[in-house]
Asks: 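Take this structure first; my questions come after.
Computed from a prediction, not measured in an experiment: that's the story for all the values here. Start at 1 with the first residue, then count along the sequence. All ligand and atom numbering here is 1-based and tracks the order in the structure.
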Amino acid sequence: MEKGAIGHVIAIASGKGGVGKSSVTALIASELRRRNFSVGVLDADVTGPSQPKMFGVRGPLVDRGEGIEPATTSNGVTMVSSQFMVEDEQTPVIWRGPLVTRLIMQFFGGVNWGKLDYVLVDMPPGTSDVPLTVFQSLPLDGIVFVFTPQDLSALIVKKAMNMARDLHVQLLGVVENMSYFTCPHCGKRSDLFGVSHVAEVAKEYGIPLLARLPIDPKLSPAADAGQVGAYTSPELSALTDALLRAIQDAESSQLTVL
Ligand code: ADP
């Protein structure tokens with residue numbers, strides 16, 4: 001599949017659900033918008049689509065015979081999601097793997113994305129056939145893995161990372177989410193889920209540790225209110241800096257190989 005007028009296609013993945021993959025996708029998209037990049041989000045997490053709710057956008061998507069028009073969030077992120085295809089937030093898309101895969105392909109190739117600097121793909125979690133086909137079929141420039149300290153101990157994220165690596169998708173880096181909590185009263189920092197191993201994993205795979213994001217009680221209410229685009233933090237800004245650097249480094253090393 002061709003990238004068309006899209007500068008970079010970056011997947012955000014995880015070993016399992018609930019680690020903050022979708023939140024990290026939405027936060028990076030919004031931070032890139034604040035930096036005046038044009039950004040699209042392809043919500044490929046078909047069983048748990050959460051991008052529309054976090055950004056407060058609704059469907060349906062329209063196709064006037066010239067391709068699907070993506071929705072646009074209030075901060076100017078263009079978006080497609082399976083959520084736009086069902087009547088309400090509680091209705092699931094009950095499709096088998098091959099159909100889901102076709103939908104995701106359609107969401108990439110059949111959408112009028114226009115000219116964009118970045119498309120971020122909120123991946124389905126895990127190593128099932130859907131993420132497998134996405135890895136194989138979308139023209140990904142790289143992938144970022146999100147996990148939490150306790151997720152890591154189960155080694156689940158490494159399975160997903162190994163799958164991406166085996167399929168020759170460029171691993172851009174890892175993000176440890178819900179890494180620690182800083183008490184708003186006394187300022188003491190606690191590793192709620194135990195000791196972090198993220199640096200070891202980054203080293204093992206020879207990729208950058210892009211960020212350790214804290215548990216922030218302000219994030220969930222912002223996302224629940226459809227205001228994720230307004231959330232900022234120094235850690236998010238540093239994550240975005242690190243990601244942009246990793247993308248640039250990956251590109252220059254590919255040029256060297258050529
Ligand atoms: P996933 O996409 O991996 O399933 P989500 O992004 O949907 O995970 O996050 C799961 C829940 O955890 C959401 O309610 C989200 O608001 C919350 N969450 C994610 N990251 C953080 C964080 N750093 N601090 C506080 N809450 C978070």
Asks: Report yes if V24 has an N/O atom closer than 3.5 Å to an N/O atom of ligand 1; otherwise report no.
Replies: no
Asks: Identify the closest protein heavy atom to atom 24 (N) of ligand 1: which residue and atom is it, and at what distance?
Replies: D216 N, 2.9 Å
Asks: So, S137 versus R102: side-chain donor-acceptor pair below 3.5 Å or not?
Replies: no
Asks: Is a salt bridge present between K53 and D43, judged by a nitrogen-to-oxygen distance below 4.0 Å?
Replies: no
Asks: Would you say S23 has any N or O atom under 3.5 Å from an N or O of ligand 1, going by distance alone?
Replies: yes
Asks: Closest non-hydrogen protein atom to atom 18 (N) of ligand 1, residue and atom name please, with distance?
Replies: M178 CE, 3.9 Å
Asks: Any salt bridge linking K203 with E200? Criterion: basic side-chain nitrogen under 4.0 Å from a carboxylate oxygen.
Replies: no
Asks: Quiz question: by atom type and distance under 3.5 Å, do the side chains of N177 and T148 form a donor-acceptor pair?
Replies: no
Asks: Could you list the atoms of ligand 1 found under 4.0 angstrom from a heavy atom of G18?
Replies: 1 (P), 3 (O), 4 (O), 8 (O)
Asks: With a 4.0 Å cut-off on heavy atoms, is P214 in contact with ligand 1?
Replies: yes
Asks: Considering only protein heavy atoms, which is closest to atom 8 (O) of ligand 1, and at what distance to one decimal place?
Replies: G20 N, 2.9 Å
Asks: Would one find an N or O of N177, backbone or side chain, under 3.5 Å from an N or O of ligand 1?
Replies: yes
Asks: Taking distance alone, with N or O pairs closer than 3.5 Å, would you say I215 contacts ligand 1?
Replies: no
Asks: Measuring to protein heavy atoms, does anything land under 4.0 Å from atom 11 (C) of ligand 1?
Replies: no
Asks: Are T101 and V134 close enough that some pair of their side-chain heavy atoms sits under 4.5 Å apart?
Replies: no
Asks: If hydrogens are left out, which of A222, S22, A26 has an atom nearest to atom 7 (O) of ligand 1, that is, the closest non-hydrogen atom?
Replies: S22
Asks: Regarding D122 and Q51, do their side chains bring together a donor and an acceptor under 3.5 Å, going by distance alone?
Replies: yes
Asks: Quick one: nearest non-hydrogen protein atom to atom 22 (C) of ligand 1, plus distance?
Replies: L219 CD2, 3.6 Å
Asks: Rounded to the nearest 0.5 Å, what separation is found between the CH2 atom of W113 and the CE atom of M79?
Replies: 8.5 Å
Asks: Specify the protein heavy atom at minimum distance from atom 17 (C) of ligand 1: its residue, its atom name, and the distance to 0.1 Å.
Replies: S220 OG, 3.6 Å
Asks: Under 3.5 Å between any N/O of S50 and any N/O of ligand 1: does that happen in this structure?
Replies: no
Asks: Does V146 approach ligand 1 within less than 4.0 angstrom via side chain, backbone, both or neither, non-hydrogen atoms only?
Replies: neither
Asks: Enter the distance from L138:CG to I143:CD1 here, rounded to the nearest 0.5 Å.
Replies: 10.5 Å
Asks: Does some side-chain heavy atom of L103 sit less than 4.5 Å from a side-chain heavy atom of M85?
Replies: yes
Asks: Which ligand 1 atoms does V19 reach within 4.0 Å, using its non-hydrogen atoms?
Replies: 1 (P), 3 (O), 8 (O)
Asks: If the plane angle is over 60° it's perpendicular, under 30° parallel, otherwise tilted; pick one for H8 and Y118.
Replies: parallel
Asks: Counting only heavy atoms not in R58, do more than 12 fall under 6.0 Å of its CZ?
Replies: no
Asks: Would you mind telling me if ligand 1 is within reach of the side chain of L213, the backbone, both or neither, using heavy atoms under 4.0 Å?
Replies: neither
Asks: Would you mind running through ligand 1 and noting each atom that sits below 4.0 Å from a heavy atom of K21?
Replies: 1 (P), 2 (O), 3 (O), 6 (O), 8 (O)
